[in-house]
Amino acid sequence: MTRRLRTWLLLVAGAGLAALLTAACLKLPHFGGDRHPYGDRAVRASLARHTANTVSSVNFDQRAFDTLGEMTILFAAVLGCVVLLRQTRDEHRARPEPAEVARPVRRYALVVLPVALLSGLYIVAHGQLSPGGGFQGGVVAATALHLLYLGADYRALERVRPIGAYEVGDALAASAYLVTGLAGLIGATAFLANTLLPYGTFNTLSSGGTVPLLNAAIGMEVACAVVVLLARFLDQAVEIEEKSGT
């Protein structure tokens, strides 16, 4: 395929997509109107399954299959970065030299680290009840660990960040999401259908059926994936050097 043909194909496909988006936008309800059919249905479904956070109900119940796709994209992206940033033959590892950290920065980082870590875990655990969830809480928990790099040094971060364990955790979390979906098929329902567990009491940690399980799996997957991703970039910036030392 020539470059000119690829350009025309892109233009035609882009024009078709733009036409479809324009037609869809013209049918949207007016801004500020009182008619919200999809939103009303989402809220009713969330309340019917005792999930206080409607957004989590949408993510892990009403469109849990789409969330599986989003998780797969993150998993594949991290896997691609691991492959691209792996140590090559013309590189070697040099032990990083400890850097001087200003005392106020050290104190602030070490004080905030446990608070940020607990906040991330809290956001994940209460994803079905309040704003947040596995995606947000996983990122907060993963980045909280890296305050140790800012407040201490790279070696201190390495001691609490065994990459192999986080890679296994990432794979296990993604598998847990899939297994929960397959359990629905075994139970003679649909894939990722929220029918396996009782819905519980509204606005409690045990409410929402399978929503807390899927939310926790996403939280673990996101946290482990972000730790692995940042580890590879930090390796390139701190440890991996060319053989010439440049």
Looking at [atom1] of [X] and [atom2] of [Y], how far apart are the two atoms once the value is rounded to the nearest 0.5 Å?
| X | Y | atom1 | atom2 | result |
| --- | --- | --- | --- | --- |
| Leu182 | Leu178 | CG | CG | 6.5 Å |
| Asp66 | Met71 | CG | CE | 12.5 Å |
| Leu230 | Leu157 | CG | CG | 9.0 Å |
| Tyr177 | Leu192 | OH | CG | 5.5 Å |
| Leu229 | Leu85 | CG | CG | 8.0 Å |

Can you tell me if [X] uses its side chain to pair, donor with acceptor, with the backbone of [Y] under 3.5 Å?
| X | Y | value |
| --- | --- | --- |
| Ser175 | Ala171 | yes |
| Arg106 | Gly151 | yes |
| Asn53 | Gly127 | yes |
| Asn215 | Ser56 | no |
| Arg86 | Val83 | yes |
| Asn203 | Ala52 | no |

When the side chains of residues 3-23 are checked against the rest of the protein, which donor-acceptor pairs come out under 3.5 Å, sequence neighbours left out?
from	atom 1	to	atom 2	distance (Å)
Arg6	NH1	Met1	O	3.0
Thr7	OG1	Arg3	O	2.9
Thr22	OG1	Ala18	O	2.8

Going by atom types only, do [X] and [Y] share a side-chain donor-acceptor pair under 3.5 Å?
| X | Y | value |
| --- | --- | --- |
| Ser46 | Thr51 | no |
| Gln62 | Ser57 | yes |
| Asp235 | Tyr154 | yes |

Would you say [X] and [Y] are hydrophobically clustered, going by side-chain heavy atoms of ILVMFWY under 4.5 Å?
| X | Y | value |
| --- | --- | --- |
| Phe65 | Leu185 | yes |
| Leu150 | Val115 | no |
| Val222 | Phe75 | no |
| Leu79 | Val226 | no |
| Phe60 | Leu129 | no |

Salt bridge (charged side-chain N to carboxylate O under 4.0 Å, His left out) involving Arg41 - partner list, sequence neighbours excluded:
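None.
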
Would you check if [X] and [Y] make a side-chain contact, meaning some heavy-atom pair closer than 4.5 Å?
| X | Y | answer |
| --- | --- | --- |
| Asn59 | Glu70 | no |
| Leu214 | Ile218 | no |
| Pro212 | Gln128 | yes |

Phe202: what forms a ring pair (Phe, Tyr, Trp, His ring centres under 6.0 Å) with it, not counting sequence neighbours?
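Not a single residue meets the ring pair (Phe, Tyr, Trp, His ring centres under 6.0 Å) criterion with Phe202.
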
Between Arg161 and Glu167, is there a salt bridge with N-O shorter than 4.0 Å?
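No, no charged N to carboxylate O under 4.0 Å.
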
Please name the pair of heavy atoms, one in [X] and one in [Y], separated by the smallest distance, quoted to 0.1 Å.
| X | Y | value |
| --- | --- | --- |
| Leu74 | Glu221 | CD2-OE1, 3.5 Å |
| Leu148 | Leu113 | N-CD1, 3.5 Å |
| Thr201 | Ser207 | O-CB, 3.0 Å |

Which residues satisfy the side chain to side chain contact (heavy atoms under 4.5 Å, CB included) test with Tyr199, sequence neighbours excluded?
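Partners of Tyr199 under the side chain to side chain contact (heavy atoms under 4.5 Å, CB included) test: Arg49, His50, Asn194.
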
Could you work out, with side chain to side chain contact (heavy atoms under 4.5 Å, CB included) as the rule, every residue matching Val112, not counting sequence neighbours?
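For Val112, the residues satisfying side chain to side chain contact (heavy atoms under 4.5 Å, CB included) (neighbours in sequence not counted) are Tyr108, Ala116, Leu147.
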
List the atom pairs, with distances to 0.1 Å, where a side-chain N or O of residues 133-146 and a protein N or O form a donor-acceptor pair under 3.5 Å, not counting sequence neighbours.
from	atom 1	to	atom 2	distance (Å)
Gln136	OE1	Gly133	N	3.4
Thr143	OG1	Val139	O	2.8
Thr143	OG1	Val140	O	3.1
His146	ND1	Ala142	O	3.0

Decide side-chain contact (heavy atoms from CB on, under 4.5 Å) for Phe191 and Leu68; before the verdict, give the C-alpha distance in whole Å, the side-chain angles of both, and the deciding distance to 0.1 Å.
CA-CA 11 Å; Phe191 181 69; Leu68 172 62; 3.9 Å; yes

